[in-house]
Amino acid sequence: MSYIEELESRLDQSFIAIRYNVEMEGPAIKPESDPDVQNILPKEEPYKSIATGVLYGDMEATLNGVKKGLEEEDLSPIDIINNGLMKGMDAVSALYTKGFYFLPDLMLSGDSMMEGVKECEKVLGHKSETKATTVSFVAEGDPHDIGKNLVVMFLRANGYDAIDLGRDVPTEEVIKAVEEYKPIFVTGTALMTTTMTVFPKVVEELKKKGLELPALGCGGGSVRKDFVESFPMSVYGVEAYHTPKLADSILKDKKTWKELRKEYSEIVGEFVPEYA
Amino acid sequence: MKRFTRMVYKNPEEIVFGRAKFPVSQRWNIQFGAGYVVPEVKVAPQEGSEASKERMIGECRNIAQSACERAVSIGLPAFMLEQEHVFQQTNNPEWAAECTQIQAEVLESYHDEYDIKVSLRQTPADIRLEERAPGLRGSDYDNKVEESLEACAANGASDICIESMGGKSVSDYGISRGDIKATLFGIGVLGSIDMEYVWDRIVNICKKYDCRPGGDTDCAQANTAMFMAGGLLDKDIAHTTAALARAMGAARSLVAVECGAIGPLKDCGYENPIIKAISGVPIATEGKNAVCAHSDLMGNLIAGVTDVWSNESVYHRQEMGGTTPEVWLQATGFEAALMNTALQTGTAETLRDTYTLTDKYRDPQALILAYDNTYRIGEAIVNYGKDPYLRSRAAALEAGKIINEASEAGKLYLTRFERDSLDNALKVLEELPLDADQFIDECLRTYTRKVAEFDPKSYEL
């Protein structure tokens, strides 16, 4: 036995570290057995197969169901999106919120849903209707974009037309996008202290042009709430998955950036230390 | 390029903090891995300092001077100051030059007055963008990175480092979807190819100046996995998946050493203990004294074999105990003093083992970085040392084996998500082709289609 093994044999691990994720884990469930999922999933075919395909992130099954619905059953692409694809994604969101599903599940389901939507749009001949348009960008000078990519995925999975401007985006391109798309919500992300200073510049340029946004959501590695709240029109975003909830509250409840700041925890439905 | 096909250390017991097989000496009478641990402090320039060159130079001077003042006022024998560049510094190489110069002047003045051992590390930002033609190679941004590296080397940096970003577009895709094949392709293949391009240049630059080629880190990839994995209750990616990404990251970051980097390897490379076991170069690491920058689950364990103990990064501002360069150098300085006391009193191995045992079973990511396990992963890498793909795959498989053994022994508990993710990943990894060209062809077909930003030309593929 080596010295470290001998030391290890003396340890009571419960005094050192506890894996609470294991301790608190509930019993395994089949996704479609969850009562909320059962309520969300459609009962009739092919919507059920399409939604279940999305639920399992199974792109092939999703596309087969969509094609069958479009080609063999002559269903409306809009119905397939609303009654099949979106229902599947709603079920995925419910499981993610409950902690049964994780990010990879969400991403794969999101990919399946988006491919299904593309098939429907081919038949429609134009983009399908969405809840509203949003715009997302990474601050100029910043190449770190995984946060923005997650934000875009979460927004699209929740029925928004999320325009992705990419990374290292000059301020003028953000302003141009606001003029062109008239988004209900803009998100900006940054990893560095010195690139997050782009955010107040965006607000300043919007004001110069007389443009007003319900909110500019700012987040990312080194971005701080106190900095974001030092200029108007902005709200500090803590987690990527909060984004659609913020967008929903702007869309449905007409929340302003001031209200988002005040009611953030309530809107996203959980304790958020930064807003405590 | 010399690839590692044998372990420099004969057994894991030999590896301890403060001692490396191949110590590094720099100007200002400082050594790394030569029998003592050096504390490091790193502070991010305040927002607004990027408004002009003069403000940025002033900011860098203040950071350096604050750190020096606290170092002498608490009696530190040695310390390293690192400046990670913000975009504006790298995009304007004359800023890089003048910021380096002012910090070098400050450090030298304290070295001259107090004889304190000091080191100035400069880390230009990798601002290259793969999706913007011509991509990672030959673009304006790529040229700016090279010019800034040279500006630092020419103006007083003791060593230069980088956090290279090659392969990130594909590994991000893989990490966020639990697609281990994409993760392996992004880290093990694309990351390794890009590192060779980046590090050949860095080593050539350093040959011209009294400046050492430090090291790289898989910050862009394995740290992305670690940060997304987050704490125990986070639900983004599995901690087992993040552990496999880390093991792959070791095979990737080793390329810097193979190109001629001599260390200390860059602080946020949590894979560095594996590379030290393979190559014997000194390493910087960070853990419990980097909580100002981020949270990890191995805050003590990662100190076990370190040579430079870092705070990672912190806003430049005031705290109750002083400005952040002062406060966080004091934090890393006292931890280094503990390790140096252990080295001096012959109790280093006991302290190393105590550090290790505090976190070993806290998380699978910590488990694979315990020094006995890093040695095993190192052996897996050198067994396939000449093939960046196969050695990354071997590192991940060995990490999986280590996790499974601890789980079966009832020492490490996994959630279903962690267990399923690990089982799925290992199954995919085991079934992958044993021929790198075949693997690359398959991945090119798949990921050029799935990952919009991925440009094979950036890797000459």
Side-chain angles (χ1 to χ4, degrees), chain A residues 2-8 10-11 13 16-28 57 96-108 110-111 139-146 149-150 153 164 166-168 192-197 200 221-224 227 230 239-241, chain B residues 13 44-51 86-88 91 125-129 131-132 165 168 172 175-179 220 224 227-228 232-233 235-239 241 294 297 313 315-316 349-350 352-354 356-363 370 372 411-418 421 453:
Chain A
S2 69
Y3 182 57
I4 191 168
E5 285 168 336
E6 202 275 312
L7 288 179
E8 192 180 315
R10 297 184 212 165
L11 288 180
Q13 191 65 25
I16 299 164
I18 299 169
R19 301 209 83 222
Y20 287 107
N21 48 349
V22 178
E23 301 276 320
M24 303 304 290
E25 193 173 41
Y96 182 72
T97 305
K98 288 179 165 190
F100 292 128
Y101 261 23
F102 297 85
L103 183 67
D105 303 307
L106 215 56
M107 297 296 283
L108 293 172
D111 289 347
E140 184 168 14
D142 210 313
H144 304 90
D145 64 351
I146 194 164
N149 293 342
L150 294 179
M153 191 282 298
D164 181 355
R167 51 184 175 168
D168 185 19
M192 301 176 187
T193 49
T194 54
T195 51
M196 72 177 178
T197 52
S222 61
V223 180
R224 297 189 317 269
F227 174 74
S230 69
E239 297 286 350
Y241 68 86
Chain B
E13 283 294 320
Q46 230 168 22
E47 60 266 21
S49 58
E50 78 283 3
V86 293
F87 170 80
Q88 292 81 0
N91 198 38
D126 187 355
I127 57 175
R128 299 171 300 154
L129 298 174
E131 71 275 20
R132 206 173 292 173
M165 303 268 280
K168 184 170 169 59
D172 275 0
I175 289 164
S176 57
R177 284 165 176 77
D179 180 341
T224 295
F227 299 146
M228 289 177 69
L232 295 175
L233 303 185
K235 50 190 180 182
D236 283 340
I237 73 156
H239 290 205
T241 309
H294 59 77
L297 291 163
S313 192
Y315 298 117
H316 188 204
E349 284 77 11
T350 304
R352 172 198 62 193
D353 291 353
T354 308
T356 302
L357 289 173
T358 65
D359 301 325
K360 192 171 181 181
Y361 302 110
R362 192 180 297 274
D363 196 77
D372 47 346
K411 293 178 175 177
L412 175 74
Y413 301 101
L414 300 176
T415 63
R416 275 193 302 279
F417 176 47
E418 291 171 335
S421 300
E453 296 85 6

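To find a chain, count down the sequence lines: A is the first, B the second, and so on, and within it residues start at 1.
Under the 3.5 Å distance criterion, with hydrogens and angles disregarded, a donor-acceptor pair is assigned to the side chains of Thr197(A) and Glu50(B).
Between the CE atom in Met24(A) and the CG atom in Leu233(B) there is a gap of 8.5 Å [rounded to 0.5 Å]. From Tyr413(B), atom OH reaches atom CD of Glu23(A) across 8.5 Å, with rounding to the nearest 0.5 Å. Atom NE2 of His144(A) and atom NZ of Lys168(B) lie 6.5 Å apart (nearest 0.5 Å). With rounding to the nearest 0.5 Å, the separation of NZ in Lys235(B) from OH in Tyr101(A) is 14.0 Å. Taking CD1 from Ile127(B) and CG from Asp168(A), the interatomic distance works out to 8.0 Å, rounded to the nearest 0.5 Å. Atom-to-atom distance recorded for Arg177(B):CZ and Leu106(A):CG is 10.5 Å, nearest 0.5 angstrom.
Neither the backbone nor the side chain of Asp179(B) has a heavy atom closer than 4.5 Å to any heavy atom of chain A. The parts of Glu8(A) that come within reach of chain B are both its backbone and its side chain, each placing non-hydrogen atoms under 4.5 angstrom from that chain. Contact of Ala240(A) with chain B is not made at all, since no heavy-atom distance falls under 4.5 Å. Using a 4.5 Å cut-off between heavy atoms, Arg132(B) touches chain A through its side chain atoms alone. Neither the backbone nor the side chain of Ser230(A) comes within contact range of chain B; no heavy atoms are under 4.5 Å apart. For chain B, the nearby part of Phe227(A) is the side chain; its heavy atoms alone come within less than 4.5 Å. Using a 4.5 Å cut-off between heavy atoms, Pro200(A) does not touch chain B at all. Within the 4.5 angstrom heavy-atom criterion, only side-chain atoms of Gln88(B), from C-beta onward, approach chain A. Thr415(B) touches chain A through backbone and side chain together, each having a heavy atom under 4.5 Å away. Looking at Leu11(A), only its side chain comes within 4.5 Å of chain B, counting heavy atoms on both sides. Proximity to chain A is absent for every atom of Asn91(B), based on heavy atoms less than 4.5 angstrom apart. Contact annotation for Leu150(A): only side-chain heavy atoms (C-beta onward) come within less than 4.5 Å of a heavy atom of chain B. Heavy atoms closer than 4.5 Å to chain A are found in the side chain of His239(B), but not in its backbone. Contact of Gln46(B) with chain A is made through the backbone alone, with heavy-atom distances under 4.5 Å.
Top candidate by heavy-atom pairs under 4.5 Å with chain A, chosen from Pro45(B), Ser176(B), Ala44(B), Ala51(B), is Ser176(B). Of the residues considered (Asp111(A), Asp142(A), Thr195(A)), Asp111(A) shows the highest number of contacts with chain B, using heavy-atom pairs under 4.5 Å. Put simply, of Thr350(B), Thr358(B), Ile175(B), Thr241(B), the one with the most heavy-atom pairs under 4.5 Å next to chain A is Thr350(B). With chain A as the partner, the residue from Leu414(B), Thr354(B), Thr356(B) showing the most heavy-atom pairs under 4.5 Å is Leu414(B). Taking chain A as the reference chain and counting heavy-atom pairs below 4.5 Å, the highest number among Leu297(B), Leu412(B), Leu129(B), Ile237(B) is found for Leu129(B).
Under the 4.5 Å side-chain criterion, counting only non-hydrogen atoms from C-beta, Arg167(A) is in contact with Glu131(B). Considering only heavy atoms from C-beta on, Leu357(B) comes within 4.5 Å of Ile4(A) through its side chain. Residues Met228(B) and Ile146(A) are in side-chain contact: their nearest non-hydrogen atoms beyond the backbone lie under 4.5 Å apart. Residues His316(B) and Thr193(A) form no side-chain contact, since every pair of their non-hydrogen atoms from C-beta on lies 4.5 Å or further apart.
The heavy-atom pair separating Leu232(B) from Tyr20(A) by the smallest distance is CD1-N, 3.8 Å. Taking every heavy atom of both residues into account, Pro104(A) and Gly178(B) meet most closely at CB-N, 3.8 Å. In this structure, Phe417(B) and Glu25(A) approach most closely via the heavy-atom pair N-OE2, 4.3 Å.
Checked by atom type and distance alone, the side chain of Tyr315(B) pairs as donor or acceptor with a backbone atom of Ser222(A) at under 3.5 Å. The main-chain N or O of Arg362(B) is found under 3.5 Å from a side-chain atom of Arg19(A) such that the two form a donor-acceptor pair.
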